[in-house]
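Written out below as structure tokens is the structure these notes cover.
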Amino acid sequence: MNCMKPFNVVINLKSGELSPGKRVIRRVSDVKALFVDKEAAEKLIRSGDPLVYEVIYADVPEEEGHLGNCTTIIYPGKVGEEFFLTKGHRHEKLGTAEIYFCLQGKGKLLMESVDGDWEALDMFPGSASYIPPYWSHRTVNVGTEPLVFYCIFPADAGHDYATIEREGFPKIVVERNGEAVLIDNPNRKGC
Ligand code: M6P
Ligand code: ZN
């Protein structure tokens, strides 16, 4: 029997710092393949390779019955006209859901179902977005401040990045006349 003891982590509701936690960082060079404007990505990499996002995971076993949880901080910025975003994934265990609770900033949560439907939900302080089973998910910071959110998911859900890397999302989020707008992804590949 697993006799793990209960524990707290402490989350700074403004910065998203989660302590104690395990941090993963992604720079432009880690996510350049996701953006349409490769030249703009290379230029950013040459000029210091800025941080795009950080994820800080609470230390929970990746086993059935546990709840993985983490904060994500996406910095404001763009590659060309596309806003900074997360890699995006679907769960290896496709039939698992997730909740994103937004603490700070302004975002779009892009989702695509295995049937090919897509949805985009607004994220704002206090929004709690439910990602049902069978939907891949990617988050975009469409504001001028860091986008900070807290996530809870079955700890054994797993991250499948390959499908999204191969196909891309149906929509991308770009700035047009100071507004964040969704447009068709010109690089979208058929399923
Ligand atoms: C959320 C959760 C995490 C995920 C993170 C970054 O915090 O869904 O499981 O790792 O976003 O997203 P990605 O793994 O797609 O880069
Ligand atoms: Zn997930």
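Start at 1 and go down the list; that is how both ligands and their atoms are numbered.
Separation of atoms CD (Q104) and CZ (F124) is listed at 13.5 Å; rounding is to 0.5 Å. Here the CG atom belonging to L103 is positioned 9.5 Å from the CD1 atom belonging to I73, to the nearest 0.5 angstrom. Distance CG/D37 to NZ/K32: 13.5 Å, rounded to 0.5 Å.
At least one donor-acceptor pair closer than 3.5 Å links the side chain of N185 to the backbone N or O of F169.
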(request) Any chance you could lay out the side chain to side chain contact (heavy atoms under 4.5 Å, CB included) test for Y53 and V31, step after step, and finish with the verdict? (result) CA-CA 10 Å; Y53 66 100; V31 290; 4.2 Å; yes
(request) Take V24 and Y57, measure what side chain to side chain contact (heavy atoms under 4.5 Å, CB included) needs, and give me the verdict at the end. (result) CA-CA 8 Å; V24 172; Y57 294 93; 3.9 Å; yes
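Apart from V36 itself, the hydrophobic cluster it occupies contains I172, V174, V181, I183, where clustering links Ile, Leu, Val, Met, Phe, Trp and Tyr at side-chain heavy-atom distances under 4.5 Å.
The ring-ring contact (aromatic ring centres under 6.0 Å, His included) pairs that include a residue from residues 70-90 are H89-H91, H89-H137, H89-H159, H89-Y161, where partners are two or more places apart or lie in different chains.
Taking a heavy-atom cut-off of under 4.0 Å, ligand 1 is surrounded by Y53, V55, Y57, C70, T72, T86, K87, G88, H89, E98, Y100, C151, F153, H159, Y161.
Using a cutoff of 4.0 Å between basic side-chain nitrogens and carboxylate oxygens, R23 and E17 are scored as salt-bridged.
Excluding waters, the set of protein N/O/S atoms under 2.8 Å from the Zn ion (ligand 2) reads H89 NE2, H91 NE2, E98 OE1, H137 NE2.
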